[in-house]
Amino acid sequence: MKRIVSVWLPDWPITVWSRAAGRSPPPEGAAFALVQSGVRGLTLSATNPAARRLGHAMGQAHADARAANPALISHPAEPERDVEALRLLALWAERYSPCVAMDAASPGREGLLIDMTGGAHLFGGEIALLTDMATRLKAASIPARLAMADTAGAAWALARFGQGRRLVPAGKTREALAPLPSAALRISAEDVKLLSRFGLRTLGELMALPRAGLARRFRGEAGLTLVRRLDQALGSEPEILEPVRPPPGWRVWRTFLEPVIDAAGVETVLDDLAPSLAEILERDGQGARRLTLTGFRVDGRATSLSVALGAPSARPAHLAKVLKERGLERLDLGFGIDALMLTADLAEPLKAVQADLDRGRDEDATLALAALLDRLGARLGEASVFRLEGRGSWLPERSQARRPADRGPPTALAAPPLPERPLLLLDPPEPVQVPIAAIPDGPPARFTWRRVAHRVVRAEGPERISPEWWRPINKARPARTRDYFRVEDGEGRRYWLFREGLYEREDQREVEPGVIEAHPPGWWMHGVFA
């Protein structure tokens, strides 16, 4: 049996506006509203209780509201800030469950839905769980109403329209919903008015009607929506919650009696969390590839730190060390955190490595290299540590590509053995002036590179690489055949250069239809040998 908690946040946009840095909440008892522009000009998008007592409501024209009540305080609404603040609150609520969704059925997304199936006992039971949630939200100055039921629809309805105790025992959903008004069904205001005209004012009256007859009373999608919402509230039709982020497969956490306010305290708790996470990873034969350390602040927000690993690991010391290298001081602890969670967001099966009896312990060397890459990535940034991976191209500048080091070892490409390649490869190749060369396929006798003349005393080649005609380098340099030479000058320096183009075959090009111009082969420096 599922158990869902609905957290309703009345006047959430006003709460977010009041909690923003540099702002003060509206004066006690003053009518306050947020306004936004629309097709009808400025309208009220949110009102506080004092404004509602004076008759102001969402959708009312701002000019009409000010005319009726000149003392009304109004400010521009910030819907993007409201949604982002709700997302951050959802991340904070992950202290209770890994599955926390923003409530899309509420105007302005004024709520959360938390899947607590099988998890309430971790907090002392369902009553203790709801009490703890309410206490923490109140301490953070966030007005909230909570309810818990078997379905998201029932919990949503009880949080907004329930009276007294809003904890529905398992299997008692129908009885709890029966006295609630039809507006508790998450349907539009127009559909609520139509139900009232039919004399259907409570959910109990709706439950007593046949579904087919109930759908025929409405036109189009309205009837289907009404029936679907009723079935979802009763549990006859499943409803999938979309969490703000995918739930991690492995997580451990600790709660504190007193808030932790500095990085040293976080490090102490991390040293305790890492062995616990490693234990459950080893139990499942998995190794972490991405870790996230999340701190839950006392003001209803969360702060997190993530790091990627180059190879699957379940060693406690390594997991803790990588996060420390990332910098625990980057966590924004605010006024302190009262819970800390360590999760493995990505994991892969651990593979045993057979040690080589002749050359020592290769497994230790492999693990040491992976640990070094992890530390470099954590300290310098994941994008700063990379590997070279082979690609399906014979052109030297396209035969390899960078890939993040945390994606594991590069895939080996089956290819015939190649001649010697230079240690330093120039990308892109640099032009070279060759006044003397054996035509058509011989090496240069002299060349000038970077305004320095060189006399060739030894040469080896050519090594011919055909062009990739389907992928020209650029419009100024269409794809042509390359002949590579390894040459040595009179001072013993060795270079890798190539002639681009073949005499009598690729020494002309068509610039316009029917217009041919000379395009003699050119020489380019591509690398320098050590």
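Throughout, numbering of the chain's residues begins at 1 and tracks the sequence.
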What distance separates [X] [atom1] from [Y] [atom2], expressed to the nearest 0.5 Å?
{"X": "Leu177", "Y": "Leu158", "atom1": "CG", "atom2": "CG", "value": "5.5 Å"}
{"X": "Cys99", "Y": "Glu242", "atom1": "SG", "atom2": "CD", "value": "10.0 Å"}
{"X": "Phe123", "Y": "Asp132", "atom1": "CZ", "atom2": "CG", "value": "7.5 Å"}
{"X": "Leu129", "Y": "Met116", "atom1": "CG", "atom2": "CE", "value": "4.5 Å"}
{"X": "Leu277", "Y": "Leu291", "atom1": "CG", "atom2": "CG", "value": "6.5 Å"}
{"X": "Leu89", "Y": "Thr15", "atom1": "CG", "atom2": "OG1", "value": "10.5 Å"}

Pairs meeting criterion ring-ring contact (aromatic ring centres under 6.0 Å, His included) with involvement of residues 275-296, two or more places apart: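 Residue pairs with at least one partner in residues 275-296: there are none.
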Tell me which pairs pass ring-ring contact (aromatic ring centres under 6.0 Å, His included) where either residue lies in residues 26-62, with sequence neighbours left out.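 Qualifying pairs: Trp17-Phe32, Phe32-His75.
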Could you tell me which residues satisfy salt bridge (Lys or Arg N to Asp or Glu O under 4.0 Å) with Arg245, sequence neighbours excluded, listed by chain and number?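 Here the qualifying residues are Glu94.
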Identify the heavy atoms of [X] and [Y] that sit nearest to each other, and give their distance.
{"X": "His318", "Y": "Ser313", "result": "CD2-OG, 3.2 Å"}
{"X": "Trp8", "Y": "Ala159", "result": "CE3-O, 3.5 Å"}
{"X": "Ile114", "Y": "Ala93", "result": "CD1-CB, 4.1 Å"}

Quick one: salt bridge (charged side-chain N to carboxylate O under 4.0 Å, His left out) pairs with a partner in residues 246-264, sequence neighbours left out?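 Output for this query lists Arg254-Asp272.
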Could you tell me whether [X] and [Y] make a salt bridge, using a distance below 4.0 angstrom between a side-chain N and a carboxylate O?
{"X": "Arg3", "Y": "Asp115", "result": "no"}
{"X": "Arg186", "Y": "Asp103", "result": "no"}
{"X": "Glu84", "Y": "Arg87", "result": "yes"}
{"X": "Asp11", "Y": "Arg52", "result": "yes"}
{"X": "Asp150", "Y": "Lys172", "result": "no"}

Looking at Leu270, Leu319, Val269, Thr292, which hits side chain to side chain contact (heavy atoms under 4.5 Å, CB included) with Leu342?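 The side chain to side chain contact (heavy atoms under 4.5 Å, CB included) with Leu342 is passed solely by Leu270 among Leu270, Leu319, Val269, Thr292.
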Carefully, step by step, assess Thr294 and Leu340 under the rule side-chain contact (heavy atoms from CB on, under 4.5 Å). CA-CA 6 Å; Thr294 305; Leu340 197 66; over 6 Å; no
Under the rule for side-chain hydrogen bond (donor to acceptor under 3.5 Å, both in side chains), what residues qualify as partners of Glu237, not counting sequence neighbours?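 None.
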Ignoring hydrogens and geometry beyond distance, is a side-chain donor-acceptor pair present between Ser188 and Asp191 at under 3.5 Å?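 Checked: Ser188/Asp191 side chains pair up, N/O donor to acceptor below 3.5 Å.
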Check: Trp12/Asp82 side-chain N/O donor and acceptor closer than 3.5 Å: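 On atom types as modelled, these side chains do not qualify, holding no pair under 3.5 Å.
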So, using side-chain contact (heavy atoms from CB on, under 4.5 Å) as the criterion, who are the partners of Ala152 when residues are at least two apart?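 Partners of Ala152 under the side-chain contact (heavy atoms from CB on, under 4.5 Å) test: Ile4, Leu113, Glu239, Leu241.
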